Asks: 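A single structure is presented below for examination.
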Amino acid sequence: MEYPIVVANWKMNLTLSEALILSGQIFRNVENIKHVDIVLCPPAVFLYPVIDGLRTKTKNLYFGLQNAMSEKEGEFTGETSLNMVKNVCDFAIVGHSERRRLFLETDEMVNKKVKFCLQNSVKPIVCIGEQERFHLEDHFDKEIERMKKQGGILTQIDTALEGVSEKDLSKICITYEPIWAVGTDNAASGVYAAAISYIIKNHLKEKFSDHASDIRVLYGGSVNSQNVREFMMQPNIDGLLVGRASLNFKEFCEICQIASQVKSGNTSFKDN
Ligand code: PEP
């Protein structure tokens, strides 16, 4: 088993000085938080100043883009190429529900981004999710069918991973983010998130057999220091994507601390 991973998605928030303060506070604290890999995803424009501000690197703190263009360079006004940040970014969030909803990103675009990440030695954190809560208790088979339909979460995964080679699977994180739980204070329960993660992992196993276990499955959607334990206690959940709570240093460090405590004993992602 690897260490759990906790991803901070700062979205389009903070001023530069706030970003420098927050990253400094997190940096000073994560050194003492063992057995967890932490990925900070500031707005792209703050990435270099934040990294410069820290001066040294700590073993378990990584950086990521919130979105990445699937081309090296060219006429793509407003986009950031992975090629521009690959020396400082180990990760990139791909296909976040806000990108899909507000910027009309399709599964095919997500697939291109995943492949481009891998070509550039960047690990994609692929977000998938459903609009409306599944009712597995009463309609298990029907809900599995819904997941396999066009736009369903299993189809989102299939398309996102199309053409990805088995040797690259260990670099991929799938983040299950139910859209109804993101930014709402209405997190899924740990049991619900674990059930969906289990279905995702089973699906990956059917697709990739032995290599499926290389892919980590994270949960995202209104995670905070009060509910983090519920998610991390689930054996099928390998980490978290945290939005609002990652903007508060105490809250975020507590989330990382609890994730570390609950899953301690795992080994590091860095070796992949
Ligand atoms: C997110 O944006 O991916 C997210 C999970 O946000 P929040 O934690 O605020 O729900």
Side-chain angles (χ1 to χ4, degrees), residues 4-14 18-19 22-23 26 36-44 46-47 62-68 80 89 91-105 107 109-110 113-114 117 123-134 153 156-157 160 172-190 192-194 196-197 200 216-232 234 236-259:
I5 181 167
V6 181
V7 183
N9 179 10
W10 290 357
K11 308 196 185 187
M12 199 179 72
N13 289 303
L14 307 176
E18 286 167 345
L22 179 58
S23 55
I26 293 172
V36 63
D37 290 327
I38 297 162
V39 183
L40 298 187
C41 301
F46 295 161
L47 199 55
Y62 303 88
F63 289 92
L65 273 183
Q66 296 176 15
N67 170 44
T80 307
C89 275
F91 292 86
I93 299 174
V94 174
H96 190 279
S97 58
E98 287 155 12
R99 299 291 317 170
R100 293 176 188 260
R101 178 167 51 87
L102 301 170
F103 303 98
L104 309 183
E105 273 187 20
D107 290 339
M109 289 159 81
V110 171
K113 291 178 181 212
V114 167
C117 281
K123 298 175 176 93
I125 300 166
V126 185
C127 298
I128 56 137
E130 81 281 9
Q131 291 283 354
E132 281 172 39
R133 188 188 288 268
F134 294 112
I153 58 169
Q156 289 172 37
I157 293 175
I172 292 175
C173 294
I174 300 283
T175 304
Y176 169 58
E177 292 213 307
I179 295 165
W180 46 266
V182 173
T184 61
D185 291 330
N186 182 26
S189 69
Y192 178 94
I196 306 289
S197 295
I200 291 171
R216 296 207 276 188
V217 179
L218 318 186
Y219 168 79
S222 298
V223 173
N224 57 42
S225 61
Q226 301 302 304
N227 61 20
V228 55
R229 195 176 293 276
E230 212 188 308
F231 298 110
M232 295 314 291
Q234 310 292 340
N236 288 319
I237 299 179
D238 306 315
L240 302 163
L241 177 47
V242 185
R244 286 156 301 162
S246 70
L247 294 167
N248 179 308
F249 137 73
K250 280 205 176 124
E251 181 76 2
F252 183 66
C253 288
E254 206 173 325
I255 289 171
C256 296
Q257 186 77 59
I258 295 171

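Numbers here simply count residues along the sequence, with the first being 1. Computed from a prediction, not measured in an experiment: that's the story for all the values here. Order of appearance sets the numbers: ligands from 1, and atoms from 1 within every ligand.
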Asks: Check each atom of ligand 1 against the heavy atoms of K11 and keep those under 4.0 Å away; list them by number with element.
Replies: 1 (C), 2 (O), 6 (O)
Asks: For residues 241-256, which residue pairs qualify under salt bridge (Lys or Arg N to Asp or Glu O under 4.0 Å), counting only residues two or more places apart or in two chains?
Replies: D185-R244
Asks: Which residue holds the protein heavy atom closest to atom 5 (C) of ligand 1, what is that atom called, and what is the gap in Å?
Replies: E177 OE2, 3.1 Å
Asks: Which residue and non-hydrogen atom of the protein lie closest to atom 1 (C) of ligand 1, and at what distance in Å?
Replies: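 Checking every protein heavy atom, the shortest distance to atom 1 (C) of ligand 1 gives H96 NE2, 3.2 Å.
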Asks: Does S222 come within less than 4.0 angstrom of ligand 1, counting non-hydrogen atoms of the residue?
Replies: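 A heavy atom of S222 does come that close to ligand 1.
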Asks: Counting only N and O atoms by type, is there a donor-acceptor contact under 3.5 Å from the side chain of Y219 to the main-chain atoms of G221?
Replies: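 Yes: the side chain of Y219 pairs with the backbone of G221.
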Asks: Under a 4.5 Å cut-off applied to non-hydrogen side-chain atoms, are E177 and H96 in contact?
Replies: yes
Asks: Answer yes or no: is there a side-chain heavy-atom contact under 4.5 Å between T80 and L47?
Replies: no
Asks: Can you list the residues that meet the side chain to side chain contact (heavy atoms under 4.5 Å, CB included) rule with E230, with sequence neighbours excluded?
Replies: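 Residues passing side chain to side chain contact (heavy atoms under 4.5 Å, CB included) with E230: S189, N227.
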Asks: Do Q66 and E98 come within less than 4.5 Å of each other through their side chains, counting heavy atoms only?
Replies: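 When only atoms from C-beta onward are counted, E98 and Q66 do not touch, as no gap falls below 4.5 Å.
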Asks: Could you walk me through whether M232 and L240 pass the side-chain contact (heavy atoms from CB on, under 4.5 Å) test, one step at a time?
Replies: CA-CA 8 Å; M232 295 314 291; L240 302 163; 3.6 Å; yes
Asks: Looking at atom 6 (O) of ligand 1, what's its closest protein heavy atom, distance included?
Replies: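 For atom 6 (O) of ligand 1, the nearest protein heavy atom is G243 CA, 3.4 Å.
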Asks: Quick one: look up the protein heavy atom nearest atom 9 (O) of ligand 1 and list residue, atom name and how far away it is.
Replies: R244 NE, 2.6 Å
Asks: Relative to ligand 1, is N9 under 4.0 angstrom through side chain, backbone, both or neither, heavy atoms considered?
Replies: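 The answer is the side chain of N9.
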Asks: Only heavy atoms of V182, strictly under 4.0 Å: list the atoms of ligand 1 that pass.
Replies: 1 (C), 2 (O), 4 (C), 6 (O), 10 (O)
Asks: Relative to the heavy atoms of G221, which atoms of ligand 1 are at a distance of less than 4.0 Å?
Replies: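 Listed by number with element: 5 (C), 10 (O).
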